[in-house]
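First the structure, in the form of structure tokens, and then the observations on it.
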Amino acid sequence: MLPKLLAIDLDGTTLNSAGEISAINQIQLRRITASGVQLVVATGRDIHSASLYLKSIGIKTAYIVSLNGAAVFKLGQSKPLMVSTIPNELIDQMAAIGDLDQVNTYFSTALRSYTVIRDQSLLAELV
């Protein structure tokens, strides 16, 4: 009996150390979705990044739980099925703390992720 749903992660699981979906994983993911199993990708990435991987290997039907659960999308649809938001006042407070401490801040909307770079040397440490 086939499962009805397969949930996978991207980084450190489906993607190899080069940040690519290996050939065997590509074959298996296409086979699984072709058999009718519903694919769900759960990731910390934003929808744009996660969907690029699926589309690049020919996956046309999947759900993506992005931003560590903050938004849920159906692949190919730009409107999220669910979004968990942070109140604007809290975002303003976080940005103000970043300004005071001169730290880089990472923000995500349902569709894209952004980094406010206040200290270029801190950004270099991440790369």
Side-chain angles (χ1 to χ4, degrees):
M1 181 168 123
L2 281 175
K4 294 182 181 186
L5 182 139
L6 173 67
I8 62 171
D9 180 35
L10 287 178
D11 295 300
T13 307
T14 304
L15 302 180
N16 60 25
S17 60
E20 302 166 338
I21 300 177
S22 69
I24 189 68
N25 281 347
Q26 290 182 34
I27 292 166
Q28 293 300 327
L29 288 171
R30 285 193 294 261
R31 183 183 65 79
I32 287 166
T33 56
S35 71
V37 174
Q38 182 62 61
L39 179 63
V40 176
V41 175
T43 182
R45 293 173 177 263
D46 61 45
I47 183 63
H48 177 74
S49 175
S51 63
L52 285 177
Y53 283 103
L54 297 177
K55 290 176 181 178
S56 74
I57 64 168
I59 301 293
K60 294 180 176 32
T61 304
Y63 288 90
I64 300 173
V65 180
S66 65
L67 303 169
N68 295 314
V72 178
F73 292 85
K74 187 170 185 178
L75 184 63
Q77 295 182 356
S78 60
K79 184 177 178 186
L81 301 171
M82 186 281 304
V83 176
S84 177
T85 60
I86 298 173
N88 288 341
E89 300 79 27
L90 184 54
I91 293 171
D92 291 341
Q93 290 174 6
M94 293 177 349
I97 290 169
D99 286 339
L100 288 174
D101 293 339
Q102 286 300 297
V103 296
N104 298 339
T105 308
Y106 180 81
F107 290 99
S108 293
T109 68
L111 300 176
R112 296 271 190 226
S113 296
Y114 306 90
T115 303
V116 178
I117 301 171
R118 295 183 182 91
D119 185 339
Q120 190 71 32
S121 67
L122 294 174
L123 186 64
E125 291 177 17
L126 296 174
V127 185

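What you see is a predicted model; the values in this text were computed from it and never measured. This chain uses plain numbering: 1 for the first residue, then up along the sequence. Excluded from the calculations below are hydrogen atoms, water molecules and symmetry mates; all remaining heavy atoms, backbone and side chain alike, are included.
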Using distance only, find each side-chain donor-acceptor pair of residues 32-40 under 3.5 Å and give its atom names and separation, not counting sequence neighbours.
from, atom 1, to, atom 2, distance (Å)
T33, OG1, L29, O, 3.0
T33, OG1, R30, O, 3.2
S35, OG, I32, O, 2.7

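When the side chains of ILVMFWY residues are joined at heavy-atom separations under 4.5 Å, either directly or via intervening members, I47 and L67 end up in two distinct hydrophobic clusters. Linking Ile, Leu, Val, Met, Phe, Trp and Tyr whenever their side-chain heavy atoms come within less than 4.5 Å leaves I24 and I8 in two separate clusters. Under a hydrophobic-cluster definition in which Ile, Leu, Val, Met, Phe, Trp and Tyr are linked whenever side-chain heavy atoms come within less than 4.5 Å, directly or via other members, L5 and V65 are assigned to the same cluster.
In this structure A96 satisfies the side-chain contact (heavy atoms from CB on, under 4.5 Å) test with no other residue, sequence neighbours excluded. With sequence neighbours left out, the side-chain contact (heavy atoms from CB on, under 4.5 Å) criterion links D11 to L15, T43, R45. Every side-chain contact (heavy atoms from CB on, under 4.5 Å) that I86 has, sequence neighbours left out, goes to L90, I91. In this structure, the side-chain contact (heavy atoms from CB on, under 4.5 Å) partners of K74, at least two apart in sequence or on a different chain, are Y63, Q77, L81.
Between the CG atom of L10 and the CG atom of L54 there is a distance of 6.5 Å, given to the nearest 0.5 Å. The OG atom of S22 sits 8.5 Å away from the CD1 atom of I27 when rounded to the nearest 0.5 Å. To the nearest 0.5 angstrom, F73 atom CZ is 11.5 Å from K79 atom NZ. Atom OG1 in T14 sits 8.5 Å away from atom CD1 in I57 (nearest 0.5 Å). Atom OG of S66 is separated from atom NE2 of H48 by 12.5 Å, given to the nearest 0.5 angstrom.
Evaluation of the side-chain hydrogen bond (donor to acceptor under 3.5 Å, both in side chains) test over residues 81-90, restricted to residues two or more places apart or in two chains, returns none.
Between L75 and K55, the closest side-chain pair of non-hydrogen atoms falls below 4.5 Å.
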